[in-house]
There are 4 protein chains.
Amino acid sequence: MTFKVAVAGASGYAGGEVLRLLADHPQLDVVAAGAHSNAGEYITAVHPHLSAYGDRRFTPTAPEAFADADLVVMTLPHGQSAALAAQLPAGQKIVDLGADHRLENAAEWESYYAGPHAGTWTYGLPELPGQRERIAAADRVAATGCYAVATILALRPLLDAGIASPEDVVVVAASGTSGAGNAPKKNLLASEVSGSISAYKVGAHQHVPEIKQASGAASVSMTPLLAPMPRGILSTVTAKPAAEVTAADVRAALGKAYDGEHFVHVLREGQWPATASVFGTNAVQLQGTVDKDSGRIIVTAAIDNLGKGAAAQVVQCANLMLGLPEAAGLTVNGVAP
Amino acid sequence: MTFKVAVAGASGYAGGEVLRLLADHPQLDVVAAGAHSNAGEYITAVHPHLSAYGDRRFTPTAPEAFADADLVVMTLPHGQSAALAAQLPAGQKIVDLGADHRLENAAEWESYYAGPHAGTWTYGLPELPGQRERIAAADRVAATGCYAVATILALRPLLDAGIASPEDVVVVAASGTSGAGNAPKKNLLASEVSGSISAYKVGAHQHVPEIKQASGAASVSMTPLLAPMPRGILSTVTAKPAAEVTAADVRAALGKAYDGEHFVHVLREGQWPATASVFGTNAVQLQGTVDKDSGRIIVTAAIDNLGKGAAAQVVQCANLMLGLPEAAGLTVNGVAP
Amino acid sequence: MTFKVAVAGASGYAGGEVLRLLADHPQLDVVAAGAHSNAGEYITAVHPHLSAYGDRRFTPTAPEAFADADLVVMTLPHGQSAALAAQLPAGQKIVDLGADHRLENAAEWESYYAGPHAGTWTYGLPELPGQRERIAAADRVAATGCYAVATILALRPLLDAGIASPEDVVVVAASGTSGAGNAPKKNLLASEVSGSISAYKVGAHQHVPEIKQASGAASVSMTPLLAPMPRGILSTVTAKPAAEVTAADVRAALGKAYDGEHFVHVLREGQWPATASVFGTNAVQLQGTVDKDSGRIIVTAAIDNLGKGAAAQVVQCANLMLGLPEAAGLTVNGVAP
Amino acid sequence: MTFKVAVAGASGYAGGEVLRLLADHPQLDVVAAGAHSNAGEYITAVHPHLSAYGDRRFTPTAPEAFADADLVVMTLPHGQSAALAAQLPAGQKIVDLGADHRLENAAEWESYYAGPHAGTWTYGLPELPGQRERIAAADRVAATGCYAVATILALRPLLDAGIASPEDVVVVAASGTSGAGNAPKKNLLASEVSGSISAYKVGAHQHVPEIKQASGAASVSMTPLLAPMPRGILSTVTAKPAAEVTAADVRAALGKAYDGEHFVHVLREGQWPATASVFGTNAVQLQGTVDKDSGRIIVTAAIDNLGKGAAAQVVQCANLMLGLPEAAGLTVNGVAP
């Protein structure tokens with residue numbers, strides 16, 4: 001059985017990755033690839049790596065272009081997805097990669113984003129307790145932010161196990177450049193980024209409320225870094241121990257939380273996550289320990305920001321919502337080296 | 001129907017890529033991943049990106065470890081594959097990614113490689129005229145060298161169409177670092193390669209006789225470049241026009257040669273191949289024109305050196321040899337950006 | 001004794017590199033850094049690496065801003081430098097990094113550039129025979145194009161020594177991204193370039209007539225490549241031998257041509273140029289051999305496209321024009337790794 | 001007036017960078033470049049970017065090779081520098097880039113390093129209060145660790161100003177690959193590092209005691225990251241506020257601490273440090289703010305790990321010890337892009 005999927009925002013990097021995954025998905029077909037300013041152009045003119053699309057062209061990003069679709073994926077700037085969703089029929093399933101419907105607290109939304117809060121949808125992180133079932137039952141799913149995926153999956157087991165304090169969590173997370181999109185900007189030029197690492201939105205990133213909401217953390221300091229690589233997020237999450245805690249306790253908490261999970265891998269002792277290992281996948285790599293000097297718990301998580309951090313996560317949610325095998329069309333094997 | 005495949009040389013980059021492709025192949029199963037010095041280790045200790053292999057370990061590279069296999073893939077240094085092949089039963093199918101069995105001319109083999117010539121197997125490039133059928137009928141296939149794939153596919157249509165001279169072909173081809181393998185060497189360190197491009201084996205690369213044999217070229221100058229990227233080959237192939245020739249003639253010759261080919265794509269006019277577009281795939285991108293000043297024909301070809309240049313090509317050949325759909329387990333959609 | 005220098009086009013990459021070199025130059029002072037759209041901004045807002053400029057700001061790109069200068073450096077898009085030069089007093093020395101005044105043949109200029117030919121200035125490549133003296137005596141110097149520097153210095157000794165034919169020279173030259181400037185374009189984004197190499201302006205690059213003019217070549221095929229690195233050009237130059245020729249002949253011709261030259265280094269046998277080795281310098285690395293199969297002569301040359309290919313070359317010319325030591329403020333030691 | 005300098009450990013990356021800086025230093029001459037296994041080889045065989053060294057060769061790393069030197073720089077693995085220093089005459093000045101003589105507390109040394117503590121030398125960070133004078137008066141100086149430079153300079157002003165708590169400082173610092181040296185290792189290959197970021201020595205890095213000693217911090221959690229770039233360290237330092245604190249307070253503390261310092265630059269508001277901006281320099285870039293959610297103070301510091309983090313720092317100390325201008329032979333202008 002196959003289903004029809006439309007992609008709104010298909011000319012961006014996340015949209016392109018959705019198209020890539022769907023091109024090789026055994027049960028999902030792309031019926032429309034919507035793009036505002038690129039409507040009418042060949043898909044391969046914007047995404048020259050998507051050879052399977054041959055002579056297909058972008059459609060407008062408009063409800064009528066998506067009428068056929070069983071499910072609509074929205075990879076649009078925040079604010080735009082709520083507007084589009086409002087025009088789609090109630091029965092049409094939607095996975096929104098934008099931020100519009102992630103937060104439960106309207107005040108937090110307004111504090112980190114511009115404009116009014118559009119309401120809350122089911123949060124698209126299947127590996128959270130009970131969430132897989134909620135997603136499977138939902139018609140509208142708000143996919144998780146890229147930094148949030150990596151950070152929540154690293155942090156929540158520590159809080160659920162009671163070994164970390166929810167106060168004063170410190171996160172430093174490095175992202176590849178594709179997280180910043182494909183609109184041309186000087187600071188994203190290869191000449192500028194190559195050989196350079198720098199921080200941005202320091203102490204004020206909009207994924208913080210989402211991380212707190214989904215992990216149970218009470219306060220989170222976050223510093224995002226732009227790293228000289230096209231893809232990948234490595235989140236370093238540190239938390240104060242709630243009591244005496246060992247590296248083995250940290251590893252046990254992670255292992256217990258993700259026992260049986262197909263996409264989340266707690267590495268063997270001594271191996272640490274690397275973004276190259278999850279390149280192109282829906283996989284998450286985790287490892288943890290305790291700091292020798294301070295006793296802080298340190299967990300690092302690696303994801304592909306366009307994979308589990310965006311498009312692959314969306315496909316995972318779509319699979320659940322459509323009753324397909326959760327891993328259909330997805331891989332855990334990174335394209336490395 | 002599924003078949004069993006063993007990989008000899010599975011701890012190298014090409015071997016790892018074979019394992020990656022087979023992990024997600026619908027009809028091929030890995031029954032043994034042989035590695036000399038890593039035998040007994042976890043596969044993920046060497047290839048941390050291959051999460052699907054979980055707790056599986058490398059076997060020795062030994063015939064008895066491969067006894068179960070319907071087909072053996074050999075990704076070994078040249079010289080070693082002939083020795084191993086001699087120990088495998090006659091009926092066991094083999095695809096050899098080493099150079100041992102590619103050349104028909106023993107003198108040429110000895111001129112470019114050390115040691116005696118091991119004999120000639122069916123050449124593993126299905127897109128050459130008539131070759132697909134030969135591979136399907138063969139038990140022993142010698143897969144094509146990475147530079148050779150890109151160069152032959154760019155060059156042969158020009159010679160077959162009679163628009164280029166077979167004399168004085170000039171090739172400059174840039175490769176990512178994975179082509180040099182994963183044995184630690186100072187000149188391959190990230191610190192050395194980052195931001196640097198350089199030539200090596202200038203005018204003396206061992207893929208030249210193979211290129212001549214499979215393309216019909218009479219003389220080929222070749223300069224390989226090491227480029228600061230993990231994967232990809234871009235081969236720039238220039239040839240003297242046999243007669244007055246236009247860019248349209250060049251494009252027509254390429255288009256005719258690969259009409260209907262699933263994996264070889266002649267790009268639209270104005271688009272030029274980029275290695276990122278074929279990252280992780282079995283695809284080949286081609287584009288050609290005529291030089292304004294000299295009249296030389298110029299064609300550039302992009303492949304993934306570990307994909308169509310190695311492991312994906314091997315899987316393509318294996319599919320043909322086992323009667324499976326030629327594209328099973330392979331993609332044309334690059335993992336980009 | 002110190003001289004005053006103004007830079008027109010100081011907000012671009014080449015202009016920034018001129019500012020960098022002049023900041024640490026013992027005898028040249030920057031009196032104005034002109035920038036059209038950035039006039040009035042802090043220099044460090046555009047060039048955050050130029051800490052020495054502290055609170056200094058860009059001036060307009062206007063003759064009156066440069067009135068004080070003994071010498072004006074112009075790093076402007078072609079067409080604009082001729083217009084500006086026409087407004088500067090006759091006695092004011094100029095080094096123009098643009099293409100406007102490089103070519104002697106107006107027809108060739110018009111064939112490769114838009115608009116009318118602005119006339120010919122002294123060509124700014126001191127290592128050509130007799131050129132050092134001409135530059136020292138000139139008030140107006142047209143600096144050499146980046147690809148042209150590397151290619152001419154590799155090629156001309158072969159023609160001067162009579163060992164190579166001037167017909168059918170084939171050049172494939174890879175450049176780092178800074179050669180394309182800092183105007184934001186999608187194809188120059190880090191996400192697009194990282195891990196990717198591709199060709200552009202294939203067979204139609206505007207540096208070809210310049211290469212022919214300064215080297216004596218009769219026909220040149222040129223394919224420029226965009227490589228995933230911020231700086232550097234590696235030019236692979238191949239030429240047909242005029243007679244029987246050995247690798248030693250090639251090396252001897254190069255060695256003889258550059259004997260005593262401070263900035264041009266013919267490497268020891270077995271060592272090949274790498275762009276990392278000339279990063280940040282005015283140096284040129286050369287090595288040559290003869291192709292085993294075809295007999296073609298192959299020479300590769302490495303430069304820093306912003307160094308000897310642009311700003312350092314400009315400073316070298318300025319030193320000569322102002323009677324300073326030719327190497328003042330310049331280095332041959334690359335910033336590597 | 002010029003002085004003679006010998007370098008012990010000149011075949012490594014830090015040693016090579018010392019050679020690079022000294023080659024263009026107006027008052028320091030290299031009299032010996034000592035290298036164990038490379039003794040007798042051309043310096044340019046190991047460091048092909050150091051063209052100025054022409055036909056010079058490495059000497060053994062032996063006291064007699066250094067007898068002429070006014071000052072010896074030691075860039076040796078820890079343990080070896082103490083052994084060598086013991087053989088040098090008491091009057092010969094030494095700057096040791098190894099860790100052997102940095103720590104005051106022998107127990108801390110033994111906890112993080114192997115072997116007995118070799119004693120404590122003057123700490124080579126001139127920007128610490130009073131330290132410039134101590135270095136100028138010293139014969140033996142222990143230069144600062146690379147991560148330590150960036151972290152101490154970011155942290156100490158916060159503690160000195162009383163705005164941050166010395167408890168529970170959290171540091172995540174990303175380094176380029178040259179910090180790991182040029183001994184060939186698989187995990188440092190370009191194929192492995194390209195496009196990948198990962199953590200190592202998590203919570204157990206040997207620079208922690210040094211950071212505490214020189215900054216006054218009471219507890220420090222540190223996570224080092226290996227970033228896909230050849231050079232550069234970006235240290236993200238977060239500390240709990242000692243009282244109510246604003247971003248302006250943080251910036252004021254930094255500004256006050258480094259007022260008049262030539263090499264340390266607190267950036268304008270809104271600009272954040274980037275490693276590319278300090279490439280090849282002795283400069284430090286700093287910026288700070290307060291986290292919106294948690295109130296933590298966040299400061300990021302960028303240095304070149306081979307520059308201010310190693311070789312340039314050594315030259316700065318040598319300048320002070322020899323009575324030369326502190327900035328002689330050093331720059332604040334990064335080689336960018």
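Below, read A as the first sequence line, B as the second, and so on, with proteins coming before strands; counting in each chain starts at 1.
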If I measure from the heavy atoms of chain B, does D:Lys186 come under 4.5 Å with its side chain, its backbone, both, or neither?
both
What part of D:Ala180 gets closer than 4.5 Å to chain B, counting heavy atoms only: side chain, backbone, both or neither?
neither
Quick one about B:Tyr13 and D:Glu192 (side-chain donor to acceptor, distance below 3.5 Å, no hydrogens or angles considered), yes or no?
yes
Are the side chain of B:Arg20 and the backbone N or O of B:Leu50 linked by a donor-acceptor pair below 3.5 Å?
no
Would you say D:Thr300 and D:Thr236 are linked by a side-chain donor-acceptor pair, where the criterion is simply a distance under 3.5 Å?
no
Where does the angle between the aromatic ring planes of B:His78 and B:Tyr113 fall among parallel (under 30°), tilted (30 to 60°) and perpendicular (over 60°)?
perpendicular
Just give me the residue among D:Leu189, D:Leu188, D:Asn182, D:Asn187 that pairs up with chain B most often, heavy atom to heavy atom, under 4.5 Å.
D:Leu189
